[in-house]
There are 2 protein chains.
Amino acid sequence: MGIIRKTKSVETLIQLFNQGEEAYSGVYLVDRLRKKMNKTTVYRILERLEDEGMIHSFTDNDGLTWYAKCNGCSSSHHADLHPHFKCRNCGKTVCLNLDIAIPSIPNRKVDSAEFLLIGVCEKCLT
Amino acid sequence: MGIIRKTKSVETLIQLFNQGEEAYSGVYLVDRLRKKMNKTTVYRILERLEDEGMIHSFTDNDGLTWYAKCNGCSSSHHADLHPHFKCRNCGKTVCLNLDIAIPSIPNRKVDSAEFLLIGVCEKCLT
DNA sequence: GTTGTTATTGCATCAAAGTTGCATTAATTT
DNA sequence: AAATTAATGCAACTTTGATGCAATAACAAC
């Protein structure tokens with residue numbers, strides 16, 4: 001599961017994620033890498049990178065899965081509690097470097113949370 | 001769009017939602033009402049009820065769409081900022097009556113947010 | 001460097017959630 | 001009661017993502 005061979009496809013994806021805090025949807029990656037690799041390969045590499053703890057994934061308000069580079073999470077600790085911001089104009093989605101206070105709820109155990117903010121990004125505002 | 005005829009199917013769904021603060025996934029509703037109406041009908045009624053402001057929808061961490069009765073939102077004001085709680089054991093999902101502080105982010109306009117807490121519910125804890 | 005092992009890939013096929021077009025049915029209006 | 005038109009059912013489709021399997025390519029051992 002955790003064993004990763006450094007194939008060209010893997011390198012390509014890792015490089016992509018190393019270029020910033022931007023998140024990419026599975027659909028976007030499959031399309032962008034269409035000429036370089038099969039869509040099955042894209043999804044499988046994403047799965048492996050997530051298992052490794054190199055990236056994390058989350059779901060947006062349309063039900064699509066997004067992937068971004070983790071900032072300090074490992075294979076054991078994947079509870080990324082930072083929020084994500086999605087621009088409803090251009091679709092660009094990023095990780096936000098913010099701490100969220102997880103409300104404690106009586107009689108329930110909270111393990112993780114997904115917090116997606118939707119709005120308009122800097123570029124689309126002007 | 002907003003015009004709703006009180007058909008039997010519509011009544012059935014409204015009754016269901018009036019029974020508490022519980023949320024239901026589209027999939028669940030389609031299956032539960034399988035013998036009473038077509039799946040297309042279920043989805044279309046949900047859409048209309050949401051347009052009306054009678055229910056609201058959100059997306060869970062699996063990409064599924066959930067529906068629940070609004071507590072004070074109308075067709076004009078649909079920004080439900082309350083969080084939702086999903087039990088990862090039994091799947092039961094509810095609206096939480098909590099105010100979330102939406103973090104303000106420099107240079108970005110935030111319109112809405114989805115906040116999903118995942119954990120174990122009261123019943124499954126014991 | 002060559003060989004052997006096995007992870008990785010591509011391809012075809014499938015699955016689930018949800019949507020669309022269209023003819024039929026049934027609320028509501030007059 | 002008739003006319004209007006919203007709502008429904010059905011079939012087919014779209015999209016995202018998963019799976020089985022044979023072929024390929026990393027990497028380890030020699």
Side-chain angles (χ1 to χ4, degrees), chain A residues 1-17 23-68 75 84 86 91 93 114 116, chain B residues 1-17 23-68 75 84 86 91 93 114 116:
Chain A
M1 332 240 143
I3 299 152
I4 281 209
R5 291 188 179 175
K6 280 281 168 61
T7 65
K8 267 201 181 125
S9 299
V10 169
E11 300 266 25
T12 302
L13 272 159
I14 289 180
Q15 266 207 346
L16 231 161
F17 283 114
Y24 303 103
S25 71
V27 177
Y28 170 82
L29 290 172
V30 165
D31 183 61
R32 170 156 174 183
L33 303 173
R34 165 172 32 100
K35 284 174 181 154
K36 293 194 177 163
M37 66 192 89
N38 193 270
K39 92 175 162 172
T40 309
T41 304
V42 174
Y43 283 116
R44 284 198 277 225
I45 290 178
L46 290 170
E47 193 185 354
R48 268 179 282 147
L49 292 180
E50 188 169 14
D51 284 350
E52 284 291 290
M54 181 171 291
I55 61 173
H56 63 281
S57 70
F58 58 96
T59 306
D60 76 2
N61 55 324
D62 291 325
L64 296 189
T65 307
W66 292 70
Y67 301 86
S75 50
H84 296 99
K86 178 181 170 192
T93 301
E114 287 209 6
L116 178 69
Chain B
M1 334 240 141
I3 298 151
I4 280 209
R5 291 189 179 173
K6 279 280 168 60
T7 65
K8 266 200 181 127
S9 298
V10 169
E11 301 266 25
T12 301
L13 271 160
I14 290 180
Q15 268 207 346
L16 232 161
F17 283 114
Y24 303 103
S25 71
V27 178
Y28 171 82
L29 291 171
V30 164
D31 183 61
R32 170 157 174 181
L33 303 173
R34 166 172 32 100
K35 283 174 182 155
K36 293 194 179 165
M37 67 192 89
N38 192 272
K39 91 173 162 172
T40 310
T41 304
V42 174
Y43 283 116
R44 285 198 276 224
I45 291 177
L46 290 170
E47 192 184 355
R48 268 179 282 147
L49 292 180
E50 188 169 13
D51 284 349
E52 285 291 290
M54 181 171 291
I55 60 174
H56 63 282
S57 70
F58 57 96
T59 306
D60 76 2
N61 55 323
D62 291 325
L64 296 188
T65 307
W66 291 71
Y67 301 86
S75 49
H84 296 99
K86 179 182 170 191
T93 301
E114 287 208 7
L116 179 69

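Residue numbers begin at 1 in each chain, while the letters A, B, ... track the order of the sequences. All values below were derived from every heavy atom in this structure, side-chain atoms included, with hydrogens, water molecules and symmetry-related copies excluded.
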Can you figure out which of D:dA7, C:dG10, C:dG21 approaches the side chain of B:I4 most closely? D:dA7
Taking the side chain of B:S9 as heavy atoms from C-beta outward, which of D:dG20, D:dT8, C:dA17 is closest to it? D:dT8
Worked verdict on A:L16 versus A:L33 for side chain to side chain contact (heavy atoms under 4.5 Å, CB included): CA-CA 11 Å; A:L16 231 161; A:L33 303 173; 4.2 Å; yes
Closest non-hydrogen atoms of A:L46 and A:I55, given as atom of the first, atom of the second and distance, are O-CD1, 3.6 Å
Compare every heavy atom of B:L29 with every heavy atom of B:V42, then report the nearest pair and how far apart it is.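 Heavy atoms only, the tightest pair is CG1-CB, 4.0 Å.
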For this output row, return yes or no: ring centroids of A:F17 and A:Y24 closer than 6.0 angstrom.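 For A:F17 and A:Y24, the ring centres are under 6.0 Å apart.
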Between B:G63 and A:R5, who's closer to the 5' end of DNA chain C by nearest nucleotide?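 Its nearest nucleotide being more 5', the pick is A:R5.
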Return whichever of B:K8 or B:G26 has its heavy-atom-nearest nucleotide of DNA chain C closer to the 5' end. B:G26
Measure the distance from [atom1] on [X] to [atom2] on [N] and round it to the nearest whole Å.
X     : N      : atom1 : atom2 : value
A:I45 : C:dA7  : CD1   : P     : 16 Å
A:Y28 : D:dT16 : OH    : P     : 15 Å
A:R32 : D:dT16 : CZ    : C1'   : 20 Å
B:Y67 : C:dA17 : OH    : P     : 12 Å
B:E11 : C:dA27 : CD    : P     : 10 Å
B:D31 : C:dA16 : CG    : C1'   : 13 Å
B:L46 : D:dA7  : CG    : C1'   : 14 Å
A:M37 : D:dA25 : CE    : P     : 15 Å

Pair A:D31 + A:R34: basic N to acidic O under 4.0 Å: yes
Can you list the steps and then say if B:L13 with B:M37 is a side chain to side chain contact (heavy atoms under 4.5 Å, CB included)? CA-CA 11 Å; B:L13 271 160; B:M37 67 192 89; 4.3 Å; yes
Think [X] has a side-chain N or O under 4.0 angstrom from the OP1 or OP2 of [N]?
X     : N      : result
A:N38 : C:dC11 : yes
B:T65 : C:dA17 : no
A:Y43 : D:dA18 : no
B:R48 : D:dA7  : yes

By the 4.0 Å heavy-atom rule, please label A:K39 as base, sugar-phosphate, or nothing.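 Base, at least one base atom sits under 4.0 Å.
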Under 4.0 angstrom, heavy atoms only, what part of the nucleic acid is B:T7 near: base, sugar-phosphate, or nothing?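 Sugar-phosphate, backbone atoms only, no base.
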Using C1' atoms of five pairs at each end, report the bend of the helix from C:dG1-D:dC30 to C:dT30-D:dA1 rounded to 10 degrees. 40°
Ignoring hydrogens and angles, answer whether the base of C:dG10 and the side-chain atoms of A:R44 contain a donor-acceptor pair closer than 3.5 Å. yes
Taking CD in A:Q15 as the centre, count heavy atoms belonging to other residues, nucleotides or ligands within less than 6.0 Å. Is the count above 12? no
Out of curiosity, B:S25 OG to B:D62 CG, how far, rounded to the nearest 0.5 Å?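 Separation between the atoms: 10.0 Å.
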